[in-house]
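All remarks here apply to the structure that follows.
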Amino acid sequence: MKKQAWVLLLAMLFVWMTVQTAWMDEAPAPTEQPPLDGGVPGIRILSPTAADSVAGDGVLMVDVEGVLLTKIEVIATWGEERSASIEVEGSSAYVTLQLTQAAGPVTVIARGYGQDSDGTKPTVEHIVTLRCARDELIDRMIALALKNSKEKKYKFAPAQTDTDIAVCKNFVMRLFDTYKKEYYMQEFPDLPLHMPLNRRLVECKPYQYGIEWAIEGPEDGSPFEIVAQFKY
């Protein structure tokens with residue numbers, strides 16, 4: 001009797017992707033959008049929000065409003081000690097920042113400088129952390145899968161042969177291929193993304209064909225990494 005083969009993907013990491021590295025330990029924590037009232041200096045970021053991510057070209061537009069401010073500083077931080085900033089006089093700002101190799105979640109800080117009636121010059125801040133591209137891509141794939149699950153074509157789709165649309169990898173590959181052209185990897189920005197094919201039949205033995213993907217890394221255009229699996 002043939003051995004049955006199953007792979008448990010505990011996590012699929014889209015590694016090396018633009019805007020994808022780990023958090024900076026010293027990155028400031030996000031703050032709630034504060035109200036602008038009470039007759040004291042205040043500031044808040046109108047856009048982007050925590051649900052947004054940085055555009056693929058690294059352009060980040062920030063809209064800030066405040067009260068009783070003389071100057072606003074807008075700062076974006078990401079990756080390992082990377083940042084971009086701009087200063088604007090007044091109580092509001094709409095600025096564009098160019099983020100180079102913006103890897104990892106991007107933190108946006110709006111810092112306002114004001115003056116109270118007692119002559120003090122307080123500093124106020126509003127901080128927003130954006131989604132990284134990896135999270136955005138995964139969310140889009142999940143949303144499409146949920147939409148497909150309600151469609152007749154996919155609800156009872158066959159999964160018997162290698163080419164059937166409901167076979168796990170075929171289904172996931174279609175989700176990935178739908179959006180892959182909108183993303184790239186930080187270290188290899190000119191490489192088109194793709195999901196590796198299965199390993200050859202002879203390389204899968206004694207298990208069934210399809211037990212593993214071909215071994216590829218970021219330099220080959222694959223943003224996937226299997227972090228855990230078991231076979232039997």
Side-chain angles (χ1 to χ4, degrees), residues 1-23 51-56 78-80 101-105 130-232:
M1 182 177 178
K2 279 189 176 182
K3 292 184 180 181
Q4 297 298 310
W6 294 88
V7 177
L8 175 63
L9 301 181
L10 299 181
M12 291 191 304
L13 303 180
F14 294 84
V15 292
W16 304 92
M17 200 145 42
T18 312
V19 236
Q20 176 255 274
T21 11
W23 293 82
D52 298 321
S53 62
V54 178
W78 69 94
E80 297 181 2
Q101 294 185 333
L130 311 183
R131 288 193 306 168
C132 64
R134 177 190 61 187
D135 293 343
E136 180 185 71
L137 175 55
I138 293 173
D139 287 347
R140 294 175 75 182
M141 291 173 62
I142 292 173
L144 179 57
L146 179 60
K147 176 177 177 290
N148 290 159
S149 71
K150 300 173 183 178
E151 298 171 357
K152 184 178 180 180
K153 177 181 179 181
Y154 294 101
K155 198 166 187 178
F156 301 104
Q160 300 299 317
T161 68
D162 292 346
T163 57
D164 284 341
I165 61 175
V167 170
C168 179
K169 184 177 180 181
N170 294 344
F171 189 83
V172 175
M173 179 178 284
R174 180 184 56 80
L175 300 176
F176 177 70
D177 287 351
T178 300
Y179 304 112
K180 67 180 182 180
K181 291 183 180 180
E182 300 177 42
Y183 300 85
Y184 62 91
M185 292 182 285
Q186 178 193 354
E187 296 296 321
F188 305 98
D190 297 327
L191 276 181
L193 299 183
H194 72 275
M195 182 180 288
L197 299 175
N198 292 335
R199 299 191 73 176
R200 295 183 304 161
L201 176 62
V202 66
E203 295 173 330
C204 294
K205 291 183 177 181
Y207 304 98
Q208 288 184 333
Y209 174 72
I211 181 66
E212 287 182 324
W213 297 355
I215 300 175
E216 294 185 10
E219 66 279 1
D220 302 306
S222 170
F224 294 92
E225 181 180 52
I226 298 177
V227 297
Q229 67 178 10
F230 70 82
K231 310 173 189 178
Y232 70 90

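Side chains included, hydrogens not; waters and symmetry mates left out as well; all remaining heavy atoms used.
Considering all non-hydrogen atoms of both residues, A214 and P196 come closest at O-CB, 3.7 Å. Across all non-hydrogen atoms, the minimal contact from F224 to M195 is CZ-CE, 3.6 Å. For A145 against F171, the heavy-atom pair with the smallest separation is CB-CE2, 3.9 Å. Residues N148 and L175 approach most closely at OD1-CD2, 4.0 Å, considering heavy atoms. Residues G221 and L191 approach most closely at N-CD1, 3.7 Å, considering heavy atoms.
In this structure, the separation between OH on Y154 and CG on L144 is 7.5 Å, given to the nearest 0.5 Å. In this structure, OH on Y183 lies 10.5 Å from CG on L193, to the nearest 0.5 angstrom. Here M173 contributes atom CE and H194 contributes atom NE2; the two are 8.5 Å apart, rounded to the nearest 0.5 Å. How far CZ of F188 is from CG of D190: 11.0 Å, rounded to the nearest 0.5 Å. Taking CD of E136 as the reference point, atom CG of L130 lies at 10.5 Å (rounded to 0.5 Å). Note that OG of S222 is 10.5 Å distant from CG of L197, once rounded to the nearest 0.5 Å.
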Query raised in the report: What's the verdict on side chain to side chain contact (heavy atoms under 4.5 Å, CB included) for T178 and R140, showing C-alpha distance, side-chain angles and the deciding distance?
Result: CA-CA 10 Å; T178 300; R140 294 175 75 182; over 6 Å; no

Requested in this report: Apply the test side chain to side chain contact (heavy atoms under 4.5 Å, CB included) to residues W78 and V54: give CA-CA distance (whole Å), side-chain angles for both, the deciding distance (0.1 Å), then the verdict.
Outcome: CA-CA 11 Å; W78 69 94; V54 178; over 6 Å; no

Requested in this report: Let me see the working for F176 and L137 under side chain to side chain contact (heavy atoms under 4.5 Å, CB included), right down to the final yes or no.
Outcome: CA-CA 8 Å; F176 177 70; L137 175 55; 4.1 Å; yes

Requested in this report: Start with the C-alpha distance between L146 and I142, add both sets of side-chain angles, then the distance that settles side chain to side chain contact (heavy atoms under 4.5 Å, CB included), and finish with yes or no.
Outcome: CA-CA 6 Å; L146 179 60; I142 292 173; 5.5 Å; no

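Heavy-atom contacts from other residues, nucleotides or ligands closer than 6.0 Å to CD1 of I165 number more than 12.
We find that K180 and D177 are joined by a salt bridge, their nearest charged nitrogen and carboxylate oxygen being less than 4.0 Å apart.
E212 pairs with exactly one of K169, R199, K205 by the salt bridge (Lys or Arg N to Asp or Glu O under 4.0 Å) rule, that one being R199.
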